[in-house]
Amino acid sequence: MIQVLKPEHKTQVKRIIGHIEGKEKGPTLLFFGGIHGNEHSGVLALEHVFQKLIEGSYPIKGNLFGIRGNIPALLEEKRYIEKDLNRMWIKSKILEIQQKPKSERTIEEKELLKVLAIVSDILTTKEAPFYFVDLHTTSSKTLPFITINDALINRKFSRLFPVPIILGIEEYLEGPLLSYINEKGYVSLGFESGQHNELEAIKNSISFLWLSLVFSGALDKQAAPDFKEHFRQLQKSAQNNTDFYEVIHRHAIRREDGFHMQQGFRSFEEVSKGTLLAKEGERELRAIKDAIIFMPLYQEQGEEGFFLIRRIPKWALAWSAFLRKIRVQAFLSYLPGISWKDEQKQVLLVDLSVAKFLTKPFFHLLGYRNRRLDKNRILMQNRERTAKNEIYRNEWWYKTMG
């Protein structure tokens with residue numbers, strides 16, 4: 001049986017699940033569980049692994065942190081109390097929250113500032129390389145999978161795990177924690193271990209944590225307990241699927257829309273054009289093309305009814321990596337309709353009325369994510385320009401993974 005936090009234990013709930021500092025230098029890993037309060041699997045997995053690490057006196061290198069996210073929501077077993085904590089990590093919004101009087105801050109705003117203070121302190125006092133892992137589960141049946149912002153350092157590290165990898169979800173979500181971390185340039189992965197409250201989801205999170213310790217260099221493979229079993233656990237649960245996918249559609253919802261997902265869908269299930277996916281009141285929502293359903297919503301809270309994804313060919317991934325390595329993106333501003341928005345050359349402004357020949361997939365190849373300003377203009381931010389490749393360049397996986 002899965003045991004969850006109860007309100008009567010509120011005074012016993014600590015933000016830091018565990019902190020282990022090794023005797024030798026090594027990486028700094030930050031694991032988050034319970035950013036969504038109805039997703040306990042990550043918290044339970046972190047409690048289990050940190051207990052094992054402490055009891056077993058494993059030869060850890062560097063620093064490990066296990067951090068609880070939205071504690072009030074965890075106690076209430078809700079995704080959030082007032083606002084989704086995983087949709088608030090935007091620099092301008094964080095500044096607004098910091099400038100608010102304490103008495104006017106919402107529950108999630110207070111939680112954000114507490115988590116932010118811990119992250120900022122760790123980045124200031126501990127040594128690179130830094131790795132961030134955010135543990136989640138979904139309301140539907142699913143294979144375990146990784147979500148990443150599409151920087152090459154994230155691709156390289158995530159390839160080590162025997163699960164499918166989703167690119168581009170940050171273009172459709174505003175304010176996830178990992179997008180905030182990615183803007184700082186560090187390796188960061190989201191791991192969705194399975195369906196809420198399933199024992200398999202906890203097992204998958206535990207296995208993912210052990211593999212993360214080994215792949216990051218925090219723990220030698222020979223010293224990790226049952227490394228091969230943990231690898232096989234994920235491999236089996238993911239049904240040997242290690243493909244890359246990209247998000248091509250998000251169906252946003254509001255409470256007043258009366259959204260209702262058709263029963264029986266699971267993530268990574270192929271759907272053909274015309275398939276009835278959901279209803280909003282009397283309106284039927286059907287697949288507009290052959291695609292793959294992703295994270296269909298089967299819970300009360302949430303802002304996304306479902307996503308559609310498609311598999312990315314291996315040749316496209318290889319071509320994309322090559323173009324980024326030779327820095328083709330540096331010459332984009334010489335093309336008609338494209339200019340730098342800022343002096344730091346971090347953001348491109350694309351005038352589609354002029355640059356009609358450029359498409360979204362083209363910019364994705366070069367590592368750009370987009371945000372539409374109006375009918376004719378798009379802002380493009382380059383994931384590779386912010387990536388701190390230099391601090392990972394000597395890591396074994398950076399040298400060996402394509």
Side-chain angles (χ1 to χ4, degrees), residues 15 30 32 35-37 67 69-73 79-124 130 132 134 136 147-151 154 168-188 190 247 250 252-255 301-304 338-352 360 363-364 367-388:
R15 181 75 55 187
L30 292 82
F32 300 91
I35 292 291
H36 288 142
I67 303 167
N70 194 339
I71 292 178
R79 182 178 172 93
Y80 55 86
I81 304 298
E82 296 175 273
K83 189 172 182 181
D84 194 330
L85 181 58
N86 208 34
R87 300 292 185 270
M88 298 167 60
W89 294 85
I90 301 167
K91 289 180 180 179
S92 58
K93 288 187 177 180
I94 292 173
L95 183 60
E96 287 178 12
I97 294 169
Q98 291 171 328
Q99 293 175 342
K100 270 188 180 182
K102 291 182 180 180
S103 60
E104 295 180 13
R105 292 171 184 163
T106 66
I107 290 174
E108 272 77 22
E109 287 175 346
K110 293 174 184 176
E111 291 296 284
L112 181 147
L113 292 180
K114 290 173 183 177
V115 174
L116 177 62
I118 292 172
V119 171
S120 299
D121 180 66
I122 292 171
L123 289 174
T124 302
F130 294 98
F132 291 79
D134 190 12
H136 287 269
T147 61
I148 57 172
N149 285 21
D150 187 19
N154 285 338
I169 197 168
E170 80 276 11
E171 286 191 342
Y172 296 86
L173 303 179
E174 187 177 28
L177 167 62
L178 291 186
S179 287
Y180 175 79
I181 299 300
N182 261 254
E183 288 176 5
K184 294 183 176 294
Y186 302 113
V187 167
S188 55
V247 178
R250 166 192 180 244
I253 61 173
R254 300 171 300 174
R255 184 181 292 272
Q301 291 180 311
E303 298 174 354
E304 294 80 37
I338 301 180
S339 59
W340 292 112
K341 183 179 181 293
D342 52 2
E343 293 182 2
Q344 292 75 30
K345 298 185 177 180
Q346 297 288 339
V347 181
L348 281 175
L349 182 62
V350 181
D351 185 342
L352 293 179
K360 191 173 180 179
F363 284 108
H364 283 175
Y368 281 89
R369 58 175 293 193
N370 75 77
R371 180 165 62 87
R372 183 173 287 276
L373 292 179
D374 51 44
K375 184 178 179 181
N376 290 320
R377 296 185 303 159
I378 293 179
L379 280 182
M380 291 284 178
Q381 293 177 292
N382 192 297
R383 304 168 177 106
E384 298 300 339
R385 280 186 172 271
T386 56
K388 290 183 168 62

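Note that the numbering runs from 1 along the sequence shown for the chain.
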Problem set entry | Basic-acidic side-chain contact under 4.0 Å: R87, E174 |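 Here R87 does not pair with E174 in a salt bridge, since their nearest N and O are not under 4.0 Å apart.
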
Exercise. Is any NZ, NE, NH1 or NH2 atom of the basic residue among E304 and R250 found under 4.0 Å from an Asp or Glu carboxylate oxygen of the other?
Worked result: yes

As an exercise, state the distance from [atom1] of [X] to [atom2] of [Y], rounded to the nearest 0.5 Å.
X	Y	atom1	atom2	answer
L173	D84	CG	CG	9.0 Å
L116	E111	CG	CD	12.5 Å
L85	I71	CG	CD1	11.0 Å
L123	I118	CG	CD1	12.0 Å

Exercise. Does the side-chain contact (heavy atoms from CB on, under 4.5 Å) test come out yes or no for E170 and N149, once each step is laid out?
Worked result: CA-CA 6 Å; E170 80 276 11; N149 285 21; 3.3 Å; yes

Hey, are the side chains of [X] and [Y] touching, using non-hydrogen atoms and a 4.5 Å cut-off?
X	Y	answer
K91	I94	no
V247	E171	no
N70	P72	yes
F32	D134	yes

Donor-acceptor pair, [X] side chain versus [Y] backbone, under 3.5 Å?
X	Y	result
R15	G69	yes
E303	R254	no
E108	E82	yes
S179	G175	no
N182	R383	no

Tell me the closest heavy-atom pair linking [X] and [Y], and the distance in Å.
X	Y	answer
F130	I122	CE2-O, 3.9 Å
K100	R105	O-NH2, 3.3 Å
V115	W89	CG1-CH2, 3.9 Å
N86	L177	OD1-N, 3.0 Å

Exercise. Does NZ or CZ of K388 lie under 6.0 Å from the centre of the six-membered ring of Y186, at an angle within 45° of the ring axis?
Worked result: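 Yes, a cation-pi geometry holds between K388 and Y186.
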
Exercise. Do other residues, nucleotides or ligands put more than 12 heavy atoms under 6.0 Å from the NZ atom of K341?
Worked result: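 Atom NZ in K341 is not crowded, with 12 or fewer foreign heavy atoms closer than 6.0 Å.
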
Exercise. Could you go step by step and tell me if E109 and L113 meet the side-chain contact (heavy atoms from CB on, under 4.5 Å) rule?
Worked result: CA-CA 6 Å; E109 287 175 346; L113 292 180; 5.9 Å; no

Exercise. Of the options T147, I148, N154, which is the one that meets S188 in a side chain to side chain contact (heavy atoms under 4.5 Å, CB included)?
Worked result: N154

Problem set entry | Stepwise side-chain contact (heavy atoms from CB on, under 4.5 Å) test for Y180 and I90 | CA-CA 7 Å; Y180 175 79; I90 301 167; over 6 Å; no

Problem set entry | Whether F363 and Y368 hold their rings parallel, tilted or perpendicular, with breakpoints at 30° and 60° | perpendicular

Problem set entry | Test log, rule side-chain contact (heavy atoms from CB on, under 4.5 Å), inputs M88 and K93 | CA-CA 7 Å; M88 298 167 60; K93 288 187 177 180; 5.6 Å; no

